[in-house]
**Q** 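Got a structure here, written out as structure tokens. Questions coming.
Throughout, a chain's letter reflects where its sequence line sits, starting with A, and its residues are numbered from 1.
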Amino acid sequence: VTTGRGKDERTVDFGAKLLMVLHGAAAVVLIGSSTHNGVLAVAHLMGRPLRRKLRRLHAKITTWAYSVAFLMGLIIYPAFRLDVREAYLDEHLPLATGFFEVKEHWLALGFIIVLAHYTMSRGLDVRERSADAVLYDCLGIALSTVVWFSFFVGMILVAIRPLGGV
Amino acid sequence: VTDPASSSSGQAAIDPPRVTQQGRHTAVALAVTLGCLSYVIAHLMHAPHPHYLPVSGGWVVEPPAGAIAMGYYGVLLYGLGGAVGGLVLARLPGLATRLQTSSVSAGLSRLAALVVFGALAYFIVVELVLWH
């Protein structure tokens with residue numbers, strides 16, 4: 001994805017915007033699955049049962065949705081950097097740039113967390129009250145927090161200045 | 001008199017999956033801890049990493065002054081490298097058996113949870129509080 005301002009601009013912008021829509025669609029799936037996991041993790045920490053099978057299912061969906069959304073975000077990022085951040089945010093809304101930076105760093109950490117969370121959901125016999133289970137819950141809650149924060153920041157940034165917008 | 005060696009191997013024969021699970025748990029906890037720590041440290045220390053130049057489409061380690069450069073991909077490699085390092089560390093023959101005791105495993109879990117939330121908090125502070 002490039003952000004040329006020439007004859008091919010329409011084609012290039014269409015590609016970037018299509019990826020952006022798919023990125024958003026993956027994010028919606030991610031919001032649903034990671035929220036289920038987060039809520040079940042909090043419930044478990046408060047004494048409810050672990051719901052292992054249900055959480056395993058949501059962990060699987062979360063991992064796939066996260067990987068797709070993250071990969072698309074990495075592809076779109078250069079276009080965003082030039083078209084939105086350099087062209088507008090840095091000068092007019094530096095605080096928005098700060099929030100975007102937090103979002104990007106959190107998502108990078110989240111990628112490590114989501115892989116670990118998936119491994120724990122699949123391979124470990126997470127007992128009801130153990131250090132394993134507490135770490136599993138913490139990773140689920142952290143993931144849910146990262147996803148919700150990133151979703152809101154992403155939506156706000158698109159509302160402020162969409163990709164290819166003037 | 002029970003031979004401790006034969007006793008422990010007998011226990012392993014009775015419950016082999018438990019040992020494997022503990023090993024995997026240790027590996028996950030170490031991968032998360034080292035992955036998050038190496039990402040934060042690379043960001044904090046400005047460790048040398050590849051930068052993408054979105055205007056020219058090239059990669060450089062030292063971006064030219066005034067150029068628009070994206071270091072995010074490079075720092076990400078540090079995080080992934082740390083996570084892989086954690087997995088490798090957990091598989092080292094000498095270290096693996098020492099790490100796979102219940103108390104060490106529980107300690108690693110707590111450390112991993114602490115590092116995850118600490119790393120998230122670090123970026124809030126650096127990008128939103130200190131920067132402004």
**Q** Is A31(B) close to chain A through its backbone or its side chain, or both, or neither, when contacts mean heavy atoms under 4.5 Å?
**A**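 Contact with chain A: backbone only.
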**Q** Is the shortest heavy-atom distance from the side chain of P78(A) to the side chain of Y73(B) under 4.5 Å?
**A**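 Yes; the side chains approach each other to less than 4.5 Å.
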**Q** Report which part of L76(B) has an atom under 4.5 Å of a heavy atom belonging to chain A: side chain, backbone, both, or neither.
**A**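 Looking at L76(B), just its side chain touches chain A.
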**Q** Answer with yes or no whether the hydrophobic clustering places F152(A) together with V39(A); edges join I, L, V, M, F, W, Y residues whose side-chain heavy atoms lie under 4.5 Å apart.
**A**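 No, F152(A) does not connect to V39(A) through the hydrophobic network.
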**Q** Quick check: closest heavy atoms across V32(B) and A116(A), and the distance to 0.1 Å?
**A**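 Reported closest heavy-atom pair: CG2-CB, 3.1 Å.
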**Q** Under 4.5 Å between side-chain heavy atoms, counting indirect links through other Ile/Leu/Val/Met/Phe/Trp/Tyr residues: same cluster for L54(A) and Y118(A) or not?
**A**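 No; tracing contacts between hydrophobic side chains, which count when under 4.5 Å, never links both residues.
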**Q** Taking all non-hydrogen atoms of both residues, which atom of D132(A) and which atom of S109(B) are closest, and how far apart?
**A**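 That closest heavy-atom pairing would be N-OG, 4.2 Å.
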**Q** Would you give the length of the straight line joining atom CZ of F149(A) to atom CD1 of I124(B), rounded to the nearest 0.5 angstrom?
**A**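 Nearest 0.5 Å value for the CZ-CD1 distance: 5.0 Å.
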**Q** Between A29(B) and chain A, which part of the residue has a heavy atom less than 4.5 Å away: side chain, backbone, both or neither?
**A**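 The answer is both parts of A29(B).
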**Q** What do you reckon, is NE2 of H36(A) surrounded by more than 12 foreign heavy atoms closer than 6.0 Å?
**A**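 Open.
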**Q** So what's closer than 4.5 Å to chain A heavy atoms on Y122(B): side chain, backbone, both or neither?
**A**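 Answer is neither: Y122(B) stays 4.5 Å or more from chain A.
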**Q** Could you give me the CA-CA distance, side-chain angles and deciding distance for L135(A) and H25(B), then say whether side-chain contact (heavy atoms from CB on, under 4.5 Å) is met?
**A** CA-CA 10 Å; L135(A) 179 60; H25(B) 172 245; 4.0 Å; yes
**Q** Side-chain heavy atoms under 4.5 angstrom apart, residues restricted to Ile, Leu, Val, Met, Phe, Trp, Tyr: same cluster for M72(A) and V158(A)?
**A**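 Yes, M72(A) connects to V158(A) through the hydrophobic network.
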**Q** Heavy-atom cut-off 4.5 Å, strictly under: side chain, backbone, both or neither for F100(A) against chain B?
**A**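 For F100(A), no heavy atom lies under 4.5 Å from chain B.
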**Q** Would a 4.5 Å heavy-atom cut-off, applied to side chains only, mark Y77(A) and M70(B) as touching?
**A**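 Of all side-chain heavy-atom pairs linking M70(B) with Y77(A), at least one is under 4.5 Å.
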**Q** Tell me, side chain or backbone of V116(B) under 4.5 Å from chain A's heavy atoms, or both, or neither?
**A**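 When you check distances to chain A, only side chain atoms of V116(B) fall under 4.5 Å.
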**Q** Heavy atoms, side chains only, cut-off 4.5 Å: are L95(A) and L128(B) in contact?
**A**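 Result yes, sub-4.5 Å side-chain heavy-atom pair found.
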**Q** Between A142(A) and L120(B), which heavy-atom pair has the shortest distance, and what is it?
**A**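 Reported closest heavy-atom pair: CB-CD1, 4.4 Å.
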**Q** With rounding to the nearest 0.5 angstrom, report the CD to OH distance, E101(A) to Y72(B).
**A**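 Reported value, rounded in 0.5 Å steps: 9.5 Å.
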**Q** So for L74(A), is it side chain, backbone, both, or neither that comes closer than 4.5 Å to the heavy atoms of chain B?
**A**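 Backbone plus side chain of L74(A), per the 4.5 Å heavy-atom cut-off to chain B.
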**Q** For E104(A), is it the side chain, the backbone, both or neither that has a heavy atom under 4.5 Å from a heavy atom of chain B?
**A**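 Answer is both: backbone and side chain atoms of E104(A) are under 4.5 Å from chain B.
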**Q** Report whether L87(B) and L108(B) are members of the same hydrophobic cluster (ILVMFWY, side-chain heavy atoms less than 4.5 Å apart, transitive linking).
**A**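 Each belongs to a different hydrophobic cluster.
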**Q** Transitively linked via ILVMFWY side-chain contacts under 4.5 Å: I31(A) with V68(A)?
**A**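 Per the 4.5 Å side-chain linkage, I31(A) and V68(A) are co-clustered.
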**Q** Look at the side chain of Y39(B) and the backbone N and O of A108(A), then say whether any donor-acceptor pair between them is shorter than 3.5 Å.
**A**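 No, because the side chain of Y39(B) does not come within donor-acceptor range (under 3.5 Å) of the backbone of A108(A).
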**Q** When rounded to the nearest 0.5 angstrom, what distance separates OG1 in T145(A) from CZ in F117(B)?
**A**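 Those atoms lie 6.0 Å apart.
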